[in-house]
Amino acid sequence: MQYETVIGLEVHVHLKTKTKAFCGCSTEFGQDPNSQTCPVCLGLPGSLPVLNKRALELTIKTALALDCKVNNYLKFDRKNYYYPDLPKNYQISQYDMPISSNGFIILSSGKKIKIRRAHLEEDAGKLIHETDSSLVDYNRSGMPLLEIVSEPDINSPDEAYEYLTNLKLILQYIGVSDCDMEKGTLRCDANISLRKMGDKELGVKTELKNMNSFKAVKEALQFEINRQAEALNNGERIIQDTRLWDGQKEITVSMRSKEEAHDYRYFPEPDLVPFSIEQNFIDQIKKEIPELPQARASRFIKDLQLSEYDANVIIQDKALADYFEECAKLYKNAKNISNWLLGAVSSEINSRKASIQELKLKPEDLVGLIEEVDKATVSNLAAKEILTLMIDSGKSASAIISEKGLAQVSDEGELGRLADEAIKENSKSVEDYKAGKENALMFLVGQVMKKSKGKANPKVVGEILRGKLK
Ligand code: ADP
Ligand code: MG
Ligand code: ZN
């Protein structure tokens with residue numbers, strides 16, 4: 001049986017605020033457990049929440065960047081449930097009136113994945129389970145969290161992966177979150193169902209949790225497609241449940257079924273009075289949204305003649321794209337810069353496990369090196385070694401070339417002398433070349449290169465040899 005895969009994603013991201021959503025506690029990661037708490041985020045009786053304005057700004061900024069409609073009315077609701085990581089026994093969230101709705105993310109195929117809503121809520125604390133006891137850390141309790149819910153428009157694990165990658169990139173570009181799944185600043189729940197090809201109605205879905213990378217989301221979805229298809233083929237019914245991805249065994253395991261699902265008994269949060277947001281406030285935030293990744297890639301292709309592939313690789317790292325633009329201001333052949341950045345510079349970045357900012361390589365120095373290659377002062381190969389030395393020392397290309405005597409020898413007198421030697425010492429190759437074997441010339445060029453200790457300009461050597469052997 002042929003099935004269509006239907007996926008909807010719920011993404012939670014931590015907003016990059018200095019303090020929590022409804023109190024003044026710090027949001028800094030990795031501090032001592034329970035050192036960043038107060039009566040509000042510990043849910044002590046009598047304490048009252050106050051909304052963090054910055055959290056609201058970042059929420060609106062995200063909503064606008066995702067092409068959502070931003071509502072001019074802010075209302076919070078209580079989502080009630082009992083759990084040790086939730087000291088108030090309710091989470092402040094938004095229920096029937098999310099701050100924003102109806103956005104979208106575009107995939108490379110041109111397909112639009114609609115975003116149903118993006119709303120502001122608070123995170124819970126964190127449980128740490130030990131062998132015979134459990135500990136709780138409330139530092140995370142009350143951190144501002146943005147929930148972004150997609151429509152079930154995603155039809156494959158690959159599309160889910162691309163949606164997540166694009167979403168993360170947008171969030172990083174606008175600077176609202178670091179989106180680090182390992183630190184838990186981005187989490188994703190994936191809902192998935194199958195239906196017979198051509199069916200209008202959605203099938204019964206399962207919800208997958210506990211994936212700690214986008215790759216894991218993709219793998220969990222693929223596992224679930226196979227599991228559901230097999231069950232349907234056997235005439236079984238899919239049970240709507242929440243399942244945990246076990247990355248070690250590479251399977252999903254049922255955690256709870258729909259019957260055990262919570263009834264959250266949402267009601268309006270009485271401690272936070274709803275209020276109107278002035279259009280002016282929203283417009284001001286709109287002005288702060290920088291060029292988004294897809295627009296940037298299009299501009300690189302159109303204005304700087306990059307290939308679609310190169311443009312899309314470069315924009316994946318905002319800092320690298322910024323660096324590329326700095327270089328492109330100083331040097332006209334952007335394609336050449338991109339080759340250097342995606343080639344030699346990227347290998348330096350990888351081998352040194354550093355970011356482009358952490359390398360001691362100023363844009364003007366990289367451009368300086370590329371210009372030396374253009375002038376044929378150094379060969380491409382030598383330039384790669386020079387790049388390494390530049391990064392080690394922070395010196396410019398020209399300084400290293402003169403210090404180490406790395407300049408290519410293009411002087412015809414000097415090279416002519418070396419060519420004569422090579423011809424004298426390799427009569428067999430000379431004969432072969434004269435008999436029409438082009439390879440033999442390459443061999444002779446190699447001999448001259450050796451004699452010059454790699455400093456000869458191979459192109460010039462080739463021409464000189466050709467001339468002499470005519
Ligand atoms: P729930 O009430 O279980 O949270 P929602 O209707 O709120 O379900 O949807 C949650 C997420 O699940 C959304 O991203 C939505 O697109 C997705 N979703 C809803 N129904 C299905 C389905 N049948 N198959 C796949 N995804 C679905
Ligand atoms: Mg839900
Ligand atoms: Zn607090």
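Whatever order the structure lists ligands and atoms in, that order sets their numbers, starting from 1.
Contacts between L9 and ligand 1, counted as non-hydrogen atom pairs separated by less than 4.0 Å, involve the backbone only.
Of the candidates E207, K205, K114, K205 brings a heavy atom nearest to atom 1 (P) of ligand 1.
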Full working for side-chain contact (heavy atoms from CB on, under 4.5 Å) between D189 and L9: CA-CA 6 Å; D189 301 337; L9 299 176; over 6 Å; no
Worked verdict on K196 versus E4 for salt bridge (Lys or Arg N to Asp or Glu O under 4.0 Å): CA-CA 6 Å; K196 274 194 215 129; E4 184 187 26; over 6 Å; no
Test salt bridge (Lys or Arg N to Asp or Glu O under 4.0 Å) applied to K286 and E288, step by step: CA-CA 5 Å; K286 193 166 199 165; E288 289 165 23; over 6 Å; no
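Per-residue contacts place G203 under 4.0 angstrom from the following atoms of ligand 1 (heavy atoms of the residue considered): 23 (N). The ligand atoms of ligand 1 that sit less than 4.0 angstrom from a heavy atom of E151 are 16 (O). Against a heavy-atom cut-off of under 4.0 Å, V149 is close to the following atoms of ligand 1: 13 (C), 14 (O). Heavy-atom proximity to V6, at under 4.0 Å, picks out these atoms of ligand 1: 24 (N), 25 (C). Of all atoms in ligand 1, numbered sequentially from 1 with element shown, those under 4.0 Å from a heavy atom of G8 are 14 (O), 16 (O), 17 (C), 26 (N). Ligand-side atoms of ligand 1 in range of S150: 13 (C), 14 (O), 15 (C), 16 (O), range being under 4.0 angstrom from any heavy atom.
For the side chain to side chain donor-acceptor pair (under 3.5 Å) with E122, the lone residue among Q91, K20, K88 that qualifies is K88.
Ligand 1 has at least one atom lying under 4.0 Å from a heavy atom of R116.
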